[in-house]
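Computed over heavy atoms, backbone and side chain alike; hydrogens, waters and symmetry mates excluded. Just so we're clear, the structure is a prediction, and the values are computed from it rather than from any experiment. One-based numbering, in listed order, for ligands and for the atoms of each.
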Amino acid sequence: MHTINTILDLRRHLDMCRAAERTVGLVPTMGALHEGHASLVRRSVKENDVTVVSIFLNPTQFNDPKDLERYPRTLEADCRLLESCGGDVVAFVPRVSEMYPDPDLRHFSYPPTDSVMEGAFRPGHFNGVCQIVSKLFTYVMPDRAYFGEKDYQQIAVIRRMVADLEFRLQIVPCPVVRDESGLAMSSRNSLLTPEERALAANIYRVLKESIVLGATVRDTHDYVVNTLNAIPGLEVQYYNIVDGDSLADVSEWDEAEHVVGCITVYCGATPIRLIDHIRYK
Ligand code: PAF
């Protein structure tokens, strides 16, 4: 594993790799790496000759400055975790001034995919994600880019952007990695106290229970929201049962080929915002 900090050095290195016909995988991250990220890196190492892991806390995707301020920063531990993944891995760790020498004035809009759920509650979030991910795709020109399915909506938005901008690469969605309690791994989990972690485990438990209810879409929705809201310390911000491709709401199970429930819950005193999802079909 070695570290590169500038776009110029990254491009030079990758030009040499491509000249030697080596394939390139990209794992975009904001650091605070955990086992979920490690699973993406290991998959990329298996499927590509070179893996670029970007570690960049992207300011343009945070609509709440407090959220950006308290986002965990753990670069040394991140590098150790990347070392442990083996393979030919480059950590790309640019400064903000490197990625944004000038304000990025581009505006991306892919409704309804980017306007519902996270898009509605975090205005500008997906615009910032598209800004940074499009820059990374342009600089790295990966053959494959790996994203965790925990951020289910993010993958749907990035797919739309890839089609729109005609990037020639494959998006590889990777399964959610969960801890033993079922809690989806997230960099934000490190901000939870042990008691809040135990509370947060209820999210996936209740989502799983809702599959076996065999109820209507409306009743399934209400079961998830009411059960979680009844637990002190948890508050559901939204629970949308949607077409798994367009992310438009569904009111009947047979309205779409894939149906997914996407949830965001506030957990604990701070509170920490946690997202998860479940596939119904
Ligand atoms: O999923 C994330 O960590 C971020 O949204 C991403 C894709 C690295 C862009 O900053």
Side-chain angles (χ1 to χ4, degrees), residues 4 7 10 24-41 43-44 51-65 67-75 77-78 81-82 89-100 104 106 108 110 113-114 117-119 121-140 142 144-162 165 167 169-177 184-191 247 262 264 272-277:
I4 290 181
I7 295 163
L10 180 70
V24 178
L26 170 65
V27 182
T29 83
M30 297 201 297
L33 303 185
H34 49 70
E35 199 38 48
H37 295 112
S39 72
L40 307 183
V41 175
R43 173 127 182 226
S44 174
T51 292
V52 176
V53 181
S54 59
I55 298 180
F56 180 67
L57 191 47
N58 174 38
T60 72
Q61 70 188 74
F62 285 82
N63 59 320
D64 175 0
D67 190 22
L68 174 60
E69 206 176 289
R70 68 173 170 241
Y71 201 88
R73 292 154 168 88
T74 58
L75 186 57
D78 293 349
L81 185 132
L82 292 183
V89 173
V90 175
F92 176 51
V93 191
R95 287 178 183 278
V96 173
S97 55
E98 182 74 11
M99 296 310 278
Y100 296 105
D104 191 336
R106 293 173 302 157
F108 298 82
Y110 303 117
T113 319
D114 66 345
M117 302 190 287
E118 291 301 287
F121 286 98
R122 300 180 68 191
H125 168 65
F126 286 121
N127 197 52
V129 169
C130 287
Q131 287 177 341
I132 193 62
V133 172
S134 62
K135 280 173 184 268
L136 290 168
F137 285 175
T138 301
Y139 303 143
V140 176
R144 297 177 193 86
Y146 297 78
F147 293 90
E149 281 188 326
K150 186 185 81 69
D151 296 300
Y152 189 86
Q153 186 175 7
Q154 173 169 273
I155 297 182
V157 173
I158 290 171
R159 280 192 195 286
R160 292 276 304 272
M161 183 194 75
V162 164
L165 302 184
F167 282 113
L169 54 88
Q170 187 193 339
I171 298 291
V172 185
C174 301
V176 181
V177 177
M185 293 222 175
S186 161
S187 302
R188 287 189 167 85
N189 293 356
S190 66
L191 303 172
L247 306 191
C262 297
T264 288
I272 304 302
R273 214 171 160 271
L274 300 172
I275 70 174
D276 206 341
H277 72 277

#### Entry: salt bridge (Lys or Arg N to Asp or Glu O under 4.0 Å) partners for Asp151, two or more places apart
none
### Message
Using the salt bridge (Lys or Arg N to Asp or Glu O under 4.0 Å) criterion, which residues pair with Arg43? Sequence neighbours excluded.
### Response
Glu47
### Task
Not counting sequence neighbours, which residues clear side chain to side chain donor-acceptor pair (under 3.5 Å) with Asp64? List them please.
none
### Task
Could you check whether the rings of Phe62 and Tyr71 sit parallel, tilted or perpendicular, using 30° and 60° as the cut-offs?
perpendicular
### Message
For a quick test of reading the model, state the closest non-hydrogen atom pair linking Gly128 to Asn58 and the distance between them.
### Response
O-ND2, 3.1 Å
Between ligand 1 and the protein, tabulate every N or O atom pair separated by less than 3.5 Å, reporting distance only.
unit_1   : atom_1 : unit_2 : atom_2 : d
ligand 1 : 1 (O)  : Gln154 : NE2    : 2.8
ligand 1 : 5 (O)  : Gln61  : NE2    : 2.9
ligand 1 : 5 (O)  : Gln154 : OE1    : 2.7
ligand 1 : 10 (O) : Gln61  : OE1    : 2.6

### Main-chain N/O of His125 paired to Glu118 side chain as donor or acceptor, under 3.5 Å
no
